[in-house]
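A short worksheet on the structure shown next.
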Amino acid sequence: MQVFVTGTDTDVGKTVVTAGLAAVMQSLGYKAGVYKPFQSGAEVKNGFLVSHDLAYVKQFDFYIETLCSYLLKAPTAPYIAAELDGIEIDMDTVKQEYNSIKENCDILLVEGAGGLMVPVTKEVLMIDVAKMLEIPLLIVARPNLGTINHTLLTINAAKSAGIDVAGVIINRYPRGTNDIAVKTAPKLIEEYSDANILGIIPDIEDFKNAKPGALINVFINSLDIEGIFRIKIPKLNLSL
């Protein structure tokens with residue numbers, strides 16, 4: 001099963017959700033992989049460009065399969081970053097490398113860059129990449145004021161393009177909140193769309209330094225894993 005992970009905005013936690021889901025499935029006995037077609041803001045380590053997003057995935061579980069097609073230096077849209085690096089992004093390469101990693105995995109998560117309307121080339125937006133791969137879309141949203149608008153726009157854009165929307169995950173939901181905008185957002189997103197809220201991940205203090213096992217448990221307890229991947233998981237009640 002494959003899922004394309006997008007966000008309603010930048011910094012909503014796509015990488016955390018992607019890494020966490022891959023680690024959950026790996027811990028349940030599935031061979032999990034993460035494909036990052038484009039990594040803007042790639043970091044130089046030991047003389048080589050590396051994907052910091054995929055490095056974070058490896059912190060959860062080193063044996064998760066990872067692949068990035070385009071490592072781009074500038075922390076901006078792939079279209080601009082590639083131009084600055086003198087690189088021409090080719091969609092055939094993306095499709096080929098996606099198929100290559102897919103063959104080695106039971107579960108594959110494809111993580112986009114930013115939201116659906118981020119430019120990848122002069123002619124291609126991120127939404128076109130998701131459509132090309134023909135896999136369900138998982139939307140990661142923030143919990144606070146404005147998320148209803150951003151999430152509904154993302155859902156509507158995807159559906160207008162003929163993309164299958166698996167559902168929405170709300171990330172970093174504040175514990176014990178009394179904020180009425182935050183508390184009513186999940187209900188209103190479902191009410192004004194036909195997309196399901198597939199989970200609400202609580203805000204985890206210093207999550208980058210949290211132990212992977214603890215984060216995996218949070219994901220299992222907070223998300224509809226079977227709904228996300230649309231498969232029955234007999235090992236889901238496994239105690240980690």
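Note that this is a predicted model, so its numbers are computed, not measured. These numbers come from the heavy atoms of this one structure, side chains and all, not from hydrogens, waters or symmetry mates.
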Identify the heavy atoms of P119 and L125 that sit nearest to each other, and give their distance. CA-CD2, 3.8 Å

Residues D203 and P174: closest non-hydrogen pair is CB-CA, 4.3 Å

Are the side chains of L215 and Q59 in touch, meaning some heavy atoms are under 4.5 Å apart? no

Qualifying residues under side chain to side chain donor-acceptor pair (under 3.5 Å), relative to K36, sequence neighbours excluded: D53, E111

D61 (side chain) donor-acceptor with Y63 (main chain) under 3.5 angstrom: yes

Heavy-atom nearest pair, Y98 first then Q2, reads OH-CG, 3.4 Å

Among the clusters formed by ILVMFWY side chains lying less than 4.5 Å apart, do F229 and V110 turn up in the same one? no

Is there a side-chain contact between V120 and M91, using heavy atoms and a 4.5 Å cut-off? yes

Heavy atoms of A158 and L116 approach each other most closely as CB-CD1, 4.0 Å

Once you round to the nearest 0.5 Å, how far does CG of L21 lie from CD1 of I225? 5.5 Å

Is there a donor-acceptor contact under 3.5 Å from the side chain of K232 to the main chain of E226? no

Please tell me whether V34 and M126 are part of a single hydrophobic cluster in this structure, the criterion being side-chain heavy atoms less than 4.5 Å apart. no

When every non-hydrogen atom of K14 is compared with those of G7, the smallest separation belongs to CD-N, 3.2 Å

In Å and rounded to the nearest 0.5 Å, what is the CG to CD1 distance from L223 to I197? 11.5 Å

CG on D128 to CG on L133, rounded to 0.5 Å: 11.0 Å

Between D194 and K159, is there a side-chain heavy-atom distance shorter than 4.5 Å? yes

Neighbour count >12 (heavy atoms, 6.0 Å) for atom CD, E88: no

Can you find a heavy atom in the side chain of E123 that is under 4.5 Å from one in the side chain of Y79? no

Show which side-chain atoms of residues 161-171 pair as donor or acceptor with protein atoms under 3.5 Å away, not counting sequence neighbours.
| residue | atom | partner | partner atom | Å |
| --- | --- | --- | --- | --- |
| D164 | OD1 | R230 | NH2 | 3.1 |
| D164 | OD2 | R230 | NH1 | 2.5 |
| D164 | OD2 | R230 | NH2 | 3.4 |
| N171 | ND2 | V12 | O | 3.0 |

Which donor-acceptor pairs under 3.5 Å do side chains of residues 99-108 form with protein atoms, sequence neighbours excluded?
| residue | atom | partner | partner atom | Å |
| --- | --- | --- | --- | --- |
| N99 | ND2 | K95 | O | 3.2 |
| D106 | OD2 | K31 | N | 2.7 |

Reported OG-to-CG distance for the pair S222 and N217, which is rounded to 0.5 angstrom: 10.0 Å

Heavy atoms of I89 and P78 approach each other most closely as CD1-O, 4.0 Å

I'd like to know whether NZ of K131 has more than 12 heavy-atom contacts from other residues, nucleotides or ligands below 6.0 angstrom. no

Please examine the side chains of V118 and F38, heavy atoms only from C-beta on, and report whether any two atoms are closer than 4.5 Å. no

A quick test of your reading: do over 12 heavy atoms of other residues, nucleotides or ligands sit less than 6.0 Å from CG of D11? no

Would you confirm whether Q26, through its side chain, and A32, through its main-chain N or O, come within 3.5 Å as a donor-acceptor pair? yes

Reported CZ-to-CE distance for the pair F4 and M132, which is rounded to 0.5 angstrom: 9.0 Å

Acceptor/donor pairs from residues 135-157 side chains to any protein atom, 3.5 angstrom cut, sequence neighbours excluded:
| residue | atom | partner | partner atom | Å |
| --- | --- | --- | --- | --- |
| R142 | NH1 | N144 | OD1 | 3.0 |
| R142 | NH1 | L145 | O | 3.0 |
| R142 | NH2 | H150 | ND1 | 3.1 |
| T147 | OG1 | R142 | O | 2.5 |
| T147 | OG1 | T151 | OG1 | 3.4 |
| T151 | OG1 | T147 | O | 2.6 |
| T154 | OG1 | H150 | O | 2.9 |
| N156 | ND2 | L152 | O | 3.3 |

Side-chain heavy-atom pair Y30, V24 within 4.5 angstrom cut-off: no

Same apolar cluster: L67 and Y56, side chain cutoff 4.5 Å: no

Is P186 close to I200 at the side-chain level, that is, under 4.5 Å between some pair of heavy atoms? yes

side-chain contact (heavy atoms from CB on, under 4.5 Å) between M25 and I233, intermediate numbers included: CA-CA 9 Å; M25 300 309 289; I233 306 175; 3.7 Å; yes

For the residue pair Y35 / S69, report whether a side-chain donor-acceptor contact shorter than 3.5 Å exists. yes

Members other than V50 in its cluster, when Ile, Leu, Val, Met, Phe, Trp, Tyr link by side-chain heavy atoms under 4.5 Å? none

Hydrophobic clustering (ILVMFWY, side-chain heavy atoms < 4.5 Å, transitive) - are I80 and M117 grouped together? no

Listed partners of F48 passing side-chain contact (heavy atoms from CB on, under 4.5 Å), at least two apart: none

Same hydrophobic cluster for V16 and Y173, using side-chain heavy-atom links shorter than 4.5 Å among ILVMFWY? no

Find the distance between OG1 (T121) and CD (E83) and round it off to the nearest 0.5 Å. 9.5 Å

